[in-house]
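Only this structure's heavy atoms are used, side chains among them; waters, hydrogens and symmetry mates stay out.
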Amino acid sequence: MIKKGDIIPGIFSLLVGALILLYIALKPKMAVGGEMVNGGIGPGAFPAICGVALIICGILLVIRGIKQNGTVDYFALTPERKENLKIAALLILMCALMMAAWKISRMFLVCLPVYAFTVNKLLKRTTKFSIIFTIVIRPLFMCFLGFALTCPLDLKVEVIKCLLMFLQRHLPI
C-alpha cells in the first residue's frame with residue numbers, strides 16, 4: 001500500500017540537508033576540498049555528500065506527496081509501527097550500552113561481538129546467522145583497524161593493485 005502525504009518528511013529532509021550544507025559553509029575547517037598531498041578531499045566532503053543526498057531525497061518526497069494529493073496521519077500507531085519503534089528504541093539502547101561498556105572496559109574488540117550478536121537477535125535473525133556474523137565481524141574489524149588505519153597510503157595502493165592483478169588473473173571476465 002502506497003501511503004500518501006510524503007510532503008512532511010520531504011520538507012524535513014530538505015531542512016536537515018540544508019542545515020548540513022550551511023554548517024559546512026560556515027565552518028572553515030569543514031572544507032570539502034583538501035590538498036592533493038593529503039589525499040584530495042577535506043573533512044567536509046562526506047557530510048556534504050550526505051547533505052546533498054538528503055536534499056535530493058527531500059525534493060523527491062515532496063514531489064511524490066504533491067502528485068498523490070493526500071495526507072496520512074503520521075502519528076497513528078499501527079501494530080507494525082509499534083514493533084518498529086520498539087526495535088528502534090532497543091537498538092539505540094544497545095548502542096548506548098555498547099559505548100558505555102567500551103568506555104568502562106576499554107576493550108572494544110570484546111564489546112563488539114556482544115553488540116553484534118545482540119543486535120542480530122533484536123532484528124530477529126536466526127541464532128546460526130547471529131553466531132556466524134559475530135564470528136566473522138570481529139576479524140574483519142581487526143583487519144580494518146590494523147591495515148586501514150596504520151599503513152601509509154602508498155602501501156595501501158600497492159596492496160590494492162596486487163589484489164586487482166590477482167583477481168584479473170584468476171577470475172574469468
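Interatomic distance, L123 CG to I87 CD1, rounded to the nearest 0.5 Å: 6.5 Å. A distance of 11.0 Å separates CG of L19 from CD1 of I24, quoted to the nearest 0.5 Å. Taking CG of L97 as the reference point, atom CD1 of I92 lies at 12.0 Å (rounded to 0.5 Å). Atom CG of L22 is separated from atom NZ of K27 by 10.5 Å, given to the nearest 0.5 angstrom. Distance NZ/K121 to OG1/T127: 3.0 Å, rounded to 0.5 Å. Atom OG of S13 sits about 6.0 Å away from atom CG of L61, to the nearest 0.5 Å.
Between V16 and I55, the closest side-chain pair of non-hydrogen atoms is not below 4.5 Å. In this structure, the side chains of C95 and Y115 come closer than 4.5 Å at one or more pairs of heavy atoms.
Hydrophobic clustering, with ILVMFWY side chains joined whenever heavy atoms are under 4.5 angstrom apart, groups I66 together with L14. Under a hydrophobic-cluster definition in which Ile, Leu, Val, Met, Phe, Trp and Tyr are linked whenever side-chain heavy atoms come within less than 4.5 Å, directly or via other members, M94 and V114 are assigned to different clusters. Cluster annotation: I59 is connected to V52 through the hydrophobic network of ILVMFWY side chains, with a link wherever side-chain heavy atoms come within less than 4.5 Å. Hydrophobic clustering of Ile, Leu, Val, Met, Phe, Trp and Tyr side chains at less than 4.5 Å, counting indirect connections, unites L122 with M99.
Across every non-hydrogen atom of I131 and F117, the tightest pair is CG1-CE1, 3.8 Å. Nearest heavy atom pair, residue N120 against residue R125, reads OD1-NH1, 2.7 Å. In this structure, I11 and V62 approach most closely via the heavy-atom pair N-CG2, 3.8 Å.
Open room surrounds CZ on F46; 12 or fewer heavy atoms of other groups in view lie less than 6.0 Å from it.
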Taking it one step at a time, do E83 and K124 satisfy side chain to side chain contact (heavy atoms under 4.5 Å, CB included)? CA-CA 12 Å; E83 182 68 21; K124 298 181 179 156; 2.7 Å; yes
